[in-house]
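Reading through the structure tokens given below for one structure.
Keep in mind the model is a prediction, meaning the values are calculated, not measured.
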Amino acid sequence: MSAARSTGAPPAELPVVTKTLTQESIELYGRASGDLNPLHMKPEIAGKSRFEGTIAHGMLVLAFISEAMTKAFGLNWLGSGSLNVKMRNVARPGDTVTASGSLKSVKERDGRTSAIYAVEARNQRDEVLISGDAEVSLSKE
Amino acid sequence: MGAFDVGRELDFGTVIFDEGTVARYLTAVQDETLTELNTSGAGAWVPPLAVAAQFSKGVSEMDLPLEALHTGQEMDFLNPVPVGSEVHCTGRVTSNRQRGDIALVQLEFEARGNAGDLLVQGKTTLLLPAGAAV
């Protein structure tokens with residue numbers, strides 16, 4: 001992991017992050033984040049929705065992408081990262097989610113260098129749950 | 001003013017990201033990477049998505065219909081947030097477009113530290129039944 005602010009060449013691929021979701025882990029996230037929407041927390045209520053069961057918080061799945069960026073860029077990600085993503089599909093209890101990213105470009109602006117990654121999270125059926133871009137500064141004063 | 005009228009200002013409250021709050025979040029997202037970073041001597045930091053999650057929490061408390069969904073997220077992390085920080089979160093409704101049976105509502109949000117320093121800013125798009133977005 002790159003804890004320090006670095007100016008090295010960005011990796012072509014982000015470290016892959018894989019997690020399995022359970023109803024318990026979804027509820028744990030709900031309590032930790034304060035987002036107690038019954039669609040995530042209450043199977044008996046969510047079962048009557050069009051999803052026919054609970055779904056994971058989108059921000060929980062997005063956290064796996066953020067972890068991949070943290071693994072690659074450490075503090076640079078925490079203090080200079082950007083995400084621009086679309087939520088494509090829902091994740092459910094029992095899903096195994098894999099977050100990954102590939103380097104799209106490196107750009108220079110105002111004397112600063114940034115790396116842009118195409119990032120995504122997929123489930124075990126290879127369905128895209130989240131996709132978009134993550135940008136991180138490679139150097140910071 | 002209605003809950004989702006364009007221009008409505010939203011106050012999502014103040015959160016102190018102490019060690020316990022951060023530890024609970026990291027356990028919930030199964031993130032061992034930041035746990036390692038926070039014990040490496042490089043300082044102890046709040047996951048930026050834990051800050052951004054305050055907006056999801058605030059939105060979830062807005063009496064939305066069960067099936068309201070976040071369809072898009074944009075966010076910029078402008079400064080690392082040290083553990084122990086007090087963070088104030090606000091938002092604003094910036095658009096509300098009705099399309100047949102659905103509405104797309106866009107909210108801008110920002111999180112500032114005690115000194116007024118901008119820490120996280122972003123936009124989120126909500127998909128709602130049209131009748132709920134008034």
Side-chain angles (χ1 to χ4, degrees), chain A residues 1-5 15 17 19-21 25-40 42 45-46 48-51 55 57-71 74-88 90 130 132-133 135-136, chain B residues 12-13 15 20-34 36-43 45-61 64-82 119-125 127:
Chain A
M1 179 175 60
S2 168
R5 299 179 180 206
V17 170
K19 316 272 188 187
T20 297
L21 297 168
S25 68
I26 292 168
E27 291 179 19
L28 193 62
Y29 177 85
R31 289 193 294 274
S33 68
D35 184 345
L36 302 174
N37 186 328
L39 194 54
H40 311 299
K42 300 287 186 189
I45 296 175
K48 296 172 185 166
S49 74
R50 68 186 168 96
F51 299 107
I55 61 174
H57 305 72
M59 292 289 283
L60 169 56
V61 179
L62 191 56
F64 304 155
I65 292 175
S66 184
E67 182 179 348
M69 292 298 288
T70 306
K71 280 180 183 287
L75 194 52
N76 272 31
W77 172 245
L78 305 183
S80 71
S82 295
L83 279 167
N84 185 353
V85 297
K86 299 287 186 199
M87 310 298 192
R88 308 286 183 186
V90 298
I130 296 177
D133 288 345
E135 180 172 348
V136 62
Chain B
F12 294 131
V15 181
T21 304
V22 171
R24 282 190 293 277
Y25 178 87
L26 291 175
T27 299
V29 299
Q30 307 167 54
D31 183 346
E32 296 174 357
T33 304
L34 194 53
E36 290 173 19
L37 178 62
N38 281 351
T39 56
S40 70
W45 307 99
V46 179
L49 284 192
V51 179
Q54 293 307 307
F55 305 107
S56 299
K57 171 181 181 281
V59 169
S60 76
E61 292 170 348
L64 298 177
L66 183 62
E67 296 178 356
L69 288 177
H70 295 257
T71 61
Q73 296 277 2
E74 296 176 38
M75 58 189 80
D76 301 317
F77 314 140
L78 301 169
N79 284 292
V81 181
L119 302 172
V120 175
Q121 67 181 11
K123 298 176 185 173
T124 189
T125 304
L127 179 64

Hey, what do you get for [atom1] ([X]) to [atom2] ([Y]), rounding to the nearest 0.5 Å?
X: A/Leu78; Y: B/Leu119; atom1: CG; atom2: CG; result: 12.5 Å
X: A/Ser82; Y: B/Phe77; atom1: OG; atom2: CZ; result: 7.5 Å
X: A/Lys86; Y: B/Glu74; atom1: NZ; atom2: CD; result: 7.0 Å
X: A/Met59; Y: B/Thr124; atom1: CE; atom2: OG1; result: 8.0 Å

Tell me the closest heavy-atom pair linking A/Phe64 and B/Val29, and the distance in Å.
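Taking A/Phe64 first and B/Val29 second, the nearest heavy atoms are CE2-O, 3.5 Å.
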
Which pair of non-hydrogen atoms, one from A/Tyr29 and one from B/Ala53, has the smallest distance, and what is that distance?
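Scanning both residues completely, I find the closest heavy atoms to be OH-CB, 3.6 Å.
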
Let me know if [X] has heavy atoms under 4.5 Å from chain A in its side chain, its backbone, both or neither.
X: B/Thr27; answer: both
X: B/Leu69; answer: side chain
X: B/Gln121; answer: neither

Steps toward side-chain contact (heavy atoms from CB on, under 4.5 Å) verdict (B/Gln30, A/Ser25):
CA-CA 9 Å; B/Gln30 307 167 54; A/Ser25 68; 4.2 Å; yes

Would you say B/Met75 and A/Leu62 make side-chain contact, with heavy atoms under 4.5 Å?
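They are in side-chain contact.
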
Which atoms of A/Leu36 are under 4.5 Å from chain B, going by heavy atoms: the side chain, the backbone, both sets, or neither?
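Looking at A/Leu36, just its backbone touches chain B.
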
